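Worth saying up front: this structure is predicted, and the values here are computed from it rather than measured.
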Amino acid sequence: MNIFARFAQDESGATAIEYGLIAALISVGIILAASALGTNLGTLFNGIAGRLNVTVPGGAAAPSTP
């Protein structure tokens with residue numbers, strides 16, 4: 001009976017699960033922030049690239065991207 005009482009009072013597994021859930025929430029937050037930042041940076045760089053007047057050697061204009 002002593003084994004069952006110790007098993008019922010053991011909370012180390014619950015603590016590990018709590019830490020796992022916290023780590024999962026933090027990783028989801030990081031993924032969402034990186035995704036939003038990547039989208040914003042892509043838009044910024046595409047806007048800058050659209051404003052640049054780039055020529056290639058030989059005087060021909062560089063092909064534009066849609």
Side-chain angles (χ1 to χ4, degrees):
M1 190 67 174
N2 191 13
I3 294 173
F4 294 115
R6 282 189 297 175
F7 179 74
Q9 293 175 353
D10 186 16
E11 296 182 5
S12 62
T15 304
I17 291 172
E18 290 170 357
Y19 283 131
L21 289 173
I22 291 170
L25 288 174
I26 290 172
S27 63
V28 167
I30 290 172
I31 290 169
L32 291 176
S35 175
L37 180 64
T39 301
N40 289 341
L41 280 176
T43 303
L44 175 69
F45 287 136
N46 284 332
I48 291 171
R51 291 187 178 102
L52 292 176
N53 184 12
V54 179
T55 58
V56 293
S64 62
T65 57

Q: Treating Ile, Leu, Val, Met, Phe, Trp and Tyr as nodes and any side-chain heavy-atom pair under 4.5 angstrom as an edge, say whether Leu37 and Ile48 lie in one connected cluster.
A: yes
(Q) I'd like to know if the side chain of Ser35 and the backbone of Ile31 have a donor-acceptor N/O pair within less than 3.5 Å. (A) no
Q. Quick one: do Ile30 and Ile22 end up in the same hydrophobic cluster if we chain Ile, Leu, Val, Met, Phe, Trp and Tyr together by side-chain heavy atoms under 4.5 Å apart?
A. yes
Q. About how many Å separate CG of Leu44 and OG1 of Thr39, when rounded to the nearest 0.5 Å?
A. 12.5 Å
